[in-house]
Asks: 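Please find one structure pasted underneath; my questions will follow.
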Amino acid sequence: MSRILKGLADIVLSPSTNKLYTSHYPTTIFQKALITAGASAISLINPLRTDMVGALGETTGTPSLQWVKSQMILTKQGNEILKERPDISEKTNPKFWEYLSTLPPDTFGGAYYKFMTTNAFKPSERPPVRFVDDEELAYIMMRYRQTHDYFHVLADLPPSVYAEIIVKWIEFFQTRLPMTFLSGTGAPLFTLTFEQQKELATVFVPWAIECGTQCKFLMGVYFEKYYLDKPLEEVRKELNFKIAPRSNLV
């Protein structure tokens, strides 16, 4: 009996792995459960808390990240991403940002640069991946975070709380991450007006279902290598990505 109890204690109280990458923080099942509970509560109230949203995504997202990987390896560009591991942080890849600054604003890269600089956003401000216990899946999570604002540009949505919730719906149908579904369904109850909630349910969720399921698998698209200098409208057409409906409430 004591061996059984010791075995259960090791499972619950001992980290399942050693440190696997620079920012990795090995955690126990119990610790992951606590992080999930706390991050869920805060993320529902404030979906702009990227640290809490990120932590929730990491502690609940392993099966979804495995699925994302399985889809990425089905395409040429997805395999290139996994092999070359592009990193668009301005700290680690300043030349990328220098190049973006030279692109016309009607190109995908130029539109992305304008979106980021206008809103004073920097990829390096995204929290590092800490709780994913697999080095390659940790990169995929980082890639998801760094390309999040690509979704905003493609959909032509601002970085408001309402728009973030809308983007989470697109991301759910693209990645299956539980965190995106929780943010898309729970956060509106705490952060949106009744009018916005009604519009989300009748206008934007149907759009997200259609767009998210019919456009190309965006985690398998190597934007930095093939799309930066292309006209934004051409990129949308090639990816079969429909711009979000217009609304004065977003």
Side-chain angles (χ1 to χ4, degrees), residues 1-73 81-82 85 87-89 91-92 121-149 151 161 164-165 167-191 219:
M1 188 65 163
S2 61
R3 290 183 180 180
I4 295 176
L5 291 176
K6 183 179 184 301
L8 290 173
D10 287 341
I11 292 173
V12 175
L13 300 176
S14 301
S16 58
T17 183
N18 296 320
K19 190 169 184 176
L20 301 175
Y21 47 91
T22 303
S23 60
H24 186 216
Y25 190 90
T27 49
T28 66
I29 293 175
F30 181 65
Q31 288 172 324
K32 280 186 170 64
L34 289 179
I35 294 169
T36 299
S40 296
I42 296 174
S43 299
L44 287 174
I45 298 172
N46 185 3
L48 294 182
R49 278 289 301 270
T50 56
D51 56 340
M52 292 295 99
V53 174
L56 179 60
E58 293 172 29
T59 57
T60 63
T62 296
S64 297
L65 292 172
Q66 291 171 336
W67 179 81
V68 169
K69 176 184 174 181
S70 73
Q71 300 305 299
M72 292 178 73
I73 62 178
I81 292 170
L82 291 175
R85 297 196 175 186
D87 181 352
I88 63 172
S89 169
K91 289 185 176 180
T92 57
F121 291 161
K122 296 179 180 179
S124 63
E125 293 174 345
R126 296 279 177 187
V129 179
R130 294 168 293 171
F131 306 120
V132 176
D133 297 330
D134 181 284
E135 190 268 342
E136 187 170 43
L137 297 184
Y139 170 75
I140 292 174
M141 177 61 83
M142 186 198 80
R143 174 70 179 174
Y144 158 71
R145 289 180 183 168
Q146 289 193 344
T147 58
H148 166 81
D149 292 305
F151 286 68
V161 171
E164 288 294 340
I165 291 171
V167 171
K168 283 292 178 286
W169 275 99
I170 283 280
E171 292 177 337
F172 172 68
F173 290 109
Q174 283 279 303
T175 68
R176 302 183 182 181
L177 285 166
M179 167 270 297
T180 60
F181 182 75
L182 179 64
S183 297
T185 56
L189 301 176
F190 299 92
T191 60
M219 285 293 292

Asks: Name the one of Lys69, Arg85, Lys19 that satisfies salt bridge (charged side-chain N to carboxylate O under 4.0 Å, His left out) with Glu135?
Replies: Arg85
Asks: Is a side-chain N or O of Arg49 found less than 3.5 angstrom from the main chain of Ile42, in a donor-acceptor match?
Replies: no
Asks: So which atom in Trp169 and which in Gly184 form the shortest heavy-atom distance, rounded to 0.1 Å?
Replies: NE1-O, 2.9 Å
Asks: Over 60° means perpendicular and under 30° means parallel, so classify the ring planes of Phe181 and Phe172, tilted if in between.
Replies: tilted
Asks: Would you call Ile45 and Thr191 a side-chain contact if the rule is heavy atoms closer than 4.5 Å?
Replies: no
Asks: Got a donor-acceptor contact below 3.5 angstrom from the Ser124 side chain to the Ser89 backbone?
Replies: no
Asks: Shortest non-hydrogen contact from Pro188 to Ile165?
Replies: CG-CG2, 3.7 Å
Asks: So His148 and Tyr144, would you call those rings parallel, tilted or perpendicular, with 30° and 60° as cut-offs?
Replies: perpendicular
Asks: Do you see a donor-acceptor pair shorter than 3.5 Å between the side chains of Thr60 and Thr36?
Replies: no
Asks: Contact between Ser40 and Leu56 at the side-chain level, heavy atoms closer than 4.5 Å - yes or no?
Replies: yes
Asks: Does Asp133 come within less than 4.0 Å of Lys32, counting only side-chain N to carboxylate O?
Replies: yes
Asks: Rounded to the nearest 0.5 Å, how far apart are CZ of Phe151 and NZ of Lys168?
Replies: 9.5 Å
Asks: So, for Ile35 and Ala55, which heavy atoms are closest and what is the spacing to 0.1 Å?
Replies: CG2-CB, 4.0 Å
Asks: Does Tyr21 OH have over 12 foreign heavy atoms under 6.0 Å away?
Replies: yes
Asks: Does this structure show an ion pair linking Arg130 with Asp51, if we count only N-O contacts that are shorter than 4.0 Å?
Replies: no
Asks: Would you mind reporting whether Glu171 and Leu177 have side-chain heavy atoms less than 4.5 Å apart?
Replies: no
Asks: Would you check if Ile81 and Met219 make a side-chain contact, meaning some heavy-atom pair closer than 4.5 Å?
Replies: no
